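Quick notes on the structure that follows.
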Amino acid sequence: MSWLPLSFGAPMVLWGLLALPVIWWLLRLTPPRPQTEVFPPLRILARVLRREETPQQSPWWLTLLRLLMAALIIVALAEPVFNPREKLPAEGAALALVIDNDWASAADWGKRVATAERLIADAGSNGIPVIIAFTAEKPNADIGPFDAATALDRLRAAKPRPIPTDRPGVYARVASTLENLPGASVAVLADGLAARGDEAAFNTLLSKNAARVVWATSDRLSLTGLTDADNQVDGFALTAIRAPGDPAPAQVTAGAFDDKGRRIADATLTFAPGEATGTGTMAVPFELRNDFASIALDGERHAGAVRVLDESSKRRRVGLLSQAEADQAQPLLSPLYYIRRALQPFADLVEPSSADLADAIPQLLDQKPAMIIMADVGIIPEQVRQRLGDWVDKGGTLVRFAGSRLAAAGNDDDLLPVRLRTGERSLGGALSWTTPQPVTEFPKSGPFADLAPPTEVTVTRQVLAEPTPDIVERTWATLADGTPLVTGLKKGKGTLILFHVTPEATWSNLPISGSFVEMLRRIVQLSRNQGQAVANAEAAATSLAPYRMIAADGTLVPPTPDARPLVPGAGPRPVTFENPPGLYGSDTGVFAHNLLDASSSFAPLARPQVTVPVTTVQYAYDESHNLKGPLVTAALVLMALDTLAVFWMGGLLSRRPRRTGAAATTAALLIALGALFGHTDFARADDAKPGDAGAIEDISKTRIAYVLTGEPGVDSISRAGLEGLTRFLIEKTALEPGAPAGVDISKDELSFYPLIYWPIDPAAPMPSEAAIARVDAYMQQGGTVLFDTRDQFANGIGADSTSPATERLRDILGNLNVPPLEPVPSDHVLTKSFFILPEFPGRFAGSPLWVEASLDASNAENRPVRVGDGVSPIMITANDFAGAWAVDENGDPMLPTVPSDPMQRIYSLRAGVNIMMYMLTGNYKSDQVHVPVLLERLGQ
């Protein structure tokens, strides 16, 4: 039973809706719960004039609420689905899923996964196994069969690969698995691109026990790929392809990026109506083109829309120099004619305006060429030799061709790769015993190693190199008799190269051969990367490590674990699972391995003609939504509302607490919440009194107090000192005190503070007897007052003193119940409550810290830490603790110590920490040292 856009998995449950009238009738007959009242005469009298009515049935709104809740439960049990999808034919003995996960599937991979998930879900509901195979994975990947849950996990773990499909190999494996599963359903989730061997692959797959086929494709083949990027004379020529047959013209934009991913150039490629190939040009200076690291098509999120570039795609400026005059009537005899023809397609050629070498060479060097070619240049003037040599040392490539001038010039150790014999060698002719020599195999250590030797080339004249021990290492090409044809030498960061023949076809026919073009091109490539890392590696056919890979979505990523080294060779290398597209090499040089080449094309994949039923579906996300969960949630919400309504009608929510204990508990709870949230403005806190908010704030955090003396200077130092001690406590301990509090001992509550610092100032008024009595009560109830005379009083409490501060302290203590005092002993708990301290200095040093005497500590040997059972209610010092602790807003000390010693301030702060720890923990430290003895007595 279904109707759009809603369907039900168990439609028979909907018959339960017929029971709603019965439920309504029962609810109408059910009165609400009677309200229970305790017999309070005054409450009855207060309500005697009220007219009360007890309903005989449930209110209409409560009945409607419960009916709606019952309807939601019934509809939810019917398993409703909004926007239901059509069930796919995943039935039979098994479901075989063959999925293209190549680069062409990256753009809409999410839709493909969603389509496959629906197929697997339907197979799981039918209880059949699933074979799942991907056409761009490892050849030996496991394909099943799996149960639906395992197949779903493997699907979600898969990802698109930047490589072509291997349908023949994968389809054959699936067909082999289906031989034992007759009557299976085969689902083909293709990328829409035709590939070589598709017809045979589909015949193999669908001819083995396939009872039905699900064919899934995209709406249309809308891929655009970049097949070529040629760095020409006037710009980068780009070529893109699309699927054939599109009658509409189109334009795509391409962007060029440097090695840091910055976009530095743009171009528009145009497709004519019905054409599958589009072209465009990036007309930018060649200096900027040489910075191109990759080119990508905008809006195309796949590997086929990206081309990475290496040194072979970059142009270099090449300077040409010759001492021979050009003969316009006979250009073929010009020394530079064949060199120009060979280099012009892939290099920017520059020539000097002067024939004088002293002017011509600086003119070339000023244009910063990557390579200079000298055609039969003899002696180089001294005034330019140093500059030319420096250019080579910094990375330039100097190529020289032999001739009569070079043969007569003699050796040049700085600008030639080998030493030469005087004169030239003639091969063949009437007066020679030798014959013209062919070119033999290129040495494996040179840059021409992978080039085929030019069998048609012969040499009749050459300049000979002196036979030295390293002549073999410097030889790049040889004749059949073993004499060098081309030699080369690394000099600094640059290279010296010598062709032992002329650049025109007089000494040999090499300049008119195709090998001459390839050799010059290889030398230009060598000059571009300023080294031999890639050129020699490619020439020797050694492997290049993966450097940067092109992901399936077209982004450049680090090499994957599956990537293997690439062995470059002649022609394009195939893109495989182990050699995905990207850059291979290292920081010194890379080799570009791209997915598409100039011969690539896009052709739509044709659906195979089969005799079994075929169901065609489009890739799409599953837009159906199961409404069972939301309906059950809504029913639970209505149930909660119903419960609250019943409580309200029964009087549970309106009844006020009647007992004093409950009222007290509520008040205490309100005060606690006020302390937690920082406010006490509760509506029902009828017993709140003025000042409660301040009291709650005072007890919400541990705070140190100081006595307000009435002297602004003294009070400001006291506050700054306690702020400095608070900062030090937060930094060094787990205690985080609140801001210091200034207290007026005559009226403020003192019990909120564990320690009160009282600076004695004789200029301040003498406290009243009532105020001193409040301090005495505070001390008797467990608080501690730290008196600081700040006069370096070191003579003891009983000694005579003329200090006004000491006299004032005596007057104050005369009205207090002061216990016997003593200087802090070395074994007192104060000396080791946090830091180990032998003394307690402040801004001054020398005065002892007086505390309550431990009169019963007679056996010192059995009392490692001496203290009484409680905390000393009084402490007295003359060392000005607050002056040493005081800091400004930046945390810098306000007053100097006497004597000026930075460590004295540190010891003073540590003394403050010990005092606070002593105040908060009491004799905890003294108890800890007795733990071993207590455990021994307990027999543990």
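Position 1 is the first residue of the sequence, and the numbers go up from there. Not measured: the values here are computed from a predicted model. No hydrogens, no waters, no symmetry mates; every other heavy atom, side chains included, goes into these values.
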State whether the side chain of [X] and the backbone N or O of [Y] hold a donor-acceptor pair below 3.5 Å, judged by distance alone.
X: Arg905; Y: Ala884; result: yes
X: Tyr778; Y: Tyr753; result: yes
X: Arg703; Y: Gly738; result: no
X: Asn890; Y: Asp892; result: no
X: Asp259; Y: Ala293; result: no

Could you state the interatomic distance from [atom1] ([X]) to [atom2] ([Y]), rounded to the nearest 0.5 Å?
X: Leu821; Y: Ile874; atom1: CG; atom2: CD1; value: 5.5 Å
X: Asp776; Y: Asn817; atom1: CG; atom2: CG; value: 4.5 Å
X: His828; Y: Ser833; atom1: NE2; atom2: OG; value: 10.0 Å
X: Thr784; Y: Leu786; atom1: OG1; atom2: CG; value: 9.0 Å
X: Met875; Y: Leu849; atom1: CE; atom2: CG; value: 6.0 Å
X: Met919; Y: Ser872; atom1: CE; atom2: OG; value: 8.0 Å

Minimum heavy-atom distance between [X] and [Y], given as atom pair plus value:
X: Leu830; Y: Asn914; result: O-ND2, 2.8 Å
X: Lys701; Y: Glu736; result: CD-O, 4.1 Å
X: Pro873; Y: Glu852; result: CD-OE1, 3.2 Å
X: Glu822; Y: Pro825; result: OE2-CG, 3.6 Å
X: Ala634; Y: Leu72; result: CB-CD1, 3.8 Å
X: Asp791; Y: Thr806; result: OD2-OG1, 2.9 Å

Which pairs would a plain distance check flag for residues 895-904, meaning a side-chain donor or acceptor within less than 3.5 Å of a matching protein atom at least two apart in sequence or in another chain?
from   : atom 1 : to     : atom 2 : distance (Å)
Thr897 : OG1    : Pro899 : O      : 2.9
Thr897 : OG1    : Asp901 : N      : 3.1
Thr897 : OG1    : Asp901 : O      : 3.4
Asp901 : OD1    : Met903 : N      : 3.2
Gln904 : NE2    : Gly842 : O      : 3.1
Gln904 : NE2    : Arg843 : O      : 3.1
Gln904 : NE2    : Val898 : O      : 3.4

Which pairs pass salt bridge (charged side-chain N to carboxylate O under 4.0 Å, His left out) with one or both residues in residues 710-726, sequence neighbours excluded?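 The answer is Arg719-Glu723.
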According to the interplanar angle, ranging from 0 to 90°, do the rings of Phe835 and Phe728 count as parallel (below 30°), tilted (30 to 60°) or perpendicular (above 60°)?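 If you compare the ring of Phe835 with that of Phe728, the planes turn out tilted.
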Side chains of [X] and [Y] in contact at under 4.5 Å (non-hydrogen atoms):
X: Val775; Y: Val707; value: no
X: Thr733; Y: Met916; value: no
X: Ile730; Y: Pro737; value: yes

Within a radius of less than 6.0 Å around CZ of Phe787, do more than 12 heavy atoms belonging to other residues, nucleotides or ligands occur?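 Atom CZ in Phe787 is packed in, count exceeds 12.
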Does atom CZ (Arg808) have a neighbourhood of more than 12 heavy atoms from anything else shown, all under 6.0 Å? yes
Go through it in stages, so that I can follow the logic: the residues are Leu909 and Lys732, the test is side-chain contact (heavy atoms from CB on, under 4.5 Å), and I'd like the CA-CA distance, side-chain angles, deciding distance and then a yes or no. CA-CA 10 Å; Leu909 289 168; Lys732 298 297 183 181; over 6 Å; no
Apply side-chain contact (heavy atoms from CB on, under 4.5 Å) to the pair Leu722 and Trp885, showing each step before the final yes or no. CA-CA 7 Å; Leu722 295 187; Trp885 299 338; 4.0 Å; yes
Between Thr560 and Asp562, does any side-chain donor sit less than 3.5 Å from a side-chain acceptor? no
Let's go through Leu556 and Phe257 carefully: what are the C-alpha distance in whole Å and the side-chain angles of both, what is the deciding distance for side-chain contact (heavy atoms from CB on, under 4.5 Å) to 0.1 Å, and is it a yes or a no? CA-CA 11 Å; Leu556 292 180; Phe257 303 86; over 6 Å; no
Under the rule for side chain to side chain contact (heavy atoms under 4.5 Å, CB included), what residues qualify as partners of Met894, not counting sequence neighbours?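 Here the qualifying residues are Ile717, Ala720, Ala886, Asp888.
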For side-chain contact (heavy atoms from CB on, under 4.5 Å), just list the numbers for Leu735 and Met917, CA-CA rounded to whole Å, side-chain angles, deciding distance to a tenth of an Å, and then say yes or no. CA-CA 9 Å; Leu735 177 64; Met917 293 299 106; 4.0 Å; yes
With sequence neighbours excluded, tell me which residues meet salt bridge (Lys or Arg N to Asp or Glu O under 4.0 Å) with Arg156. Glu117
Residues in side-chain hydrogen bond (donor to acceptor under 3.5 Å, both in side chains) contact with Ser718, at least two apart in sequence or another chain: none
Option passing side-chain contact (heavy atoms from CB on, under 4.5 Å) with Phe840 (candidates Val851, Asn879, Thr877, Thr831): Thr831
Residues 754-773 side chain polar contacts: donor-acceptor under 3.5 Å, at least two apart:
from   : atom 1 : to     : atom 2 : distance (Å)
Tyr757 : OH     : Asp788 : OD2    : 2.7
Tyr757 : OH     : Ala882 : N      : 3.4
Asp761 : OD1    : Ala763 : N      : 2.9
Ser768 : OG     : Ala771 : N      : 3.2

